[in-house]
Amino acid sequence: MKKIIIIFGLILIFSIIIIALLHYQMKKTARSTPPPNIPYLIVLGAKVNGDEMSLSLLNRANKALEYLEENPNTVIVVTGGQGKGENITEAEALKRFFLENGIEEEKLLVEDLSTSTYENLKYTKDLYNIDQAVIVSNDFHLYRSIKLAEKVGIKGHPLAAETPKVVKASLYIREYAAIIKMKIFGT
């Protein structure tokens, strides 16, 4: 019995250390500021409720708009397919947002088939052969997004949007698991 308690204690300590290290990397990445005049900005998709962007996606779009206002020559790539409860693709919701906010359609590229962060980036790379981009996502999600961008051949510069407080805890927990899965299986 004593051995089981020791093993359980060691596993618990190891798990806490892993989560603390991941949390540090996530926070460090989210605090980064992208350099100016990067040729592309990729807005990663997130939930759309019917035709309306979720608060997570809206925060991403607004953060991207801030960058675009200071870097008017940057081209935007909107990403995300259509999931359950979504009447339009995530990319279409983003496209509508940017058009409504004065971004010319010629400055918008669309990737609308993806169903995951890896696919957002892989399909974007395949479609547009982008080598470098500002990657916009919520703060909790950027560390993994930048690592996945590297895997597909995109040098990513993180730009963090705020994560809505009502879902923050659950999204962080899910993200820890997703990062561990990425480190073990590669995507």
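Atom set for the values below is all heavy atoms of this structure, side chains included, hydrogens, waters and symmetry mates excluded. Positions are given from 1, in the same order as the sequence printed here.
A distance-only check finds no donor-acceptor pair linking the side chain of R60 to the backbone of A161 [under 3.5 Å]. Between the side chain of K151 and the backbone N or O of Y118, no donor-acceptor pair lies under 3.5 Å.
When all heavy atoms are compared, the tightest approach of L57 to E90 is CD2-O, 4.3 Å.
Remark: D51 engages no residue in a salt bridge (charged side-chain N to carboxylate O under 4.0 Å, His left out) (not counting sequence neighbours). Scored by the side-chain contact (heavy atoms from CB on, under 4.5 Å) test, K155 finds Q132, H157 as partners (sequence neighbours excluded).
Using a 4.5 Å cut-off on side-chain heavy atoms (C-beta onward), Y67 and V136 make no contact. Within the 4.5 Å cutoff, the side chain of I103 has heavy atoms near those of the L65 side chain.
With respect to the salt-bridge test (charged N to carboxylate O, under 4.0 angstrom), the residues E162 and K63 do not qualify.
The only member of I76, V75, N73 that meets side chain to side chain contact (heavy atoms under 4.5 Å, CB included) when paired with L68 is I76. Each of D112, L127, T124 was evaluated against T79; a single residue qualifies, T124, per the side chain to side chain contact (heavy atoms under 4.5 Å, CB included) test.
Within a 6.0 Å radius of NZ in K47, more than 12 heavy atoms belonging to other residues, nucleotides or ligands are found.
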One pair to check against side chain to side chain contact (heavy atoms under 4.5 Å, CB included): D131 and K125. What are the steps and the verdict? CA-CA 8 Å; D131 294 323; K125 175 70 174 176; 2.8 Å; yes
Donor-acceptor contacts under 3.5 Å from residues 28-41 side chains, at least two apart:
unit_1, atom_1, unit_2, atom_2, d
T29, OG1, Q25, O, 2.9
S32, OG, K28, O, 3.4
S32, OG, T29, O, 3.2

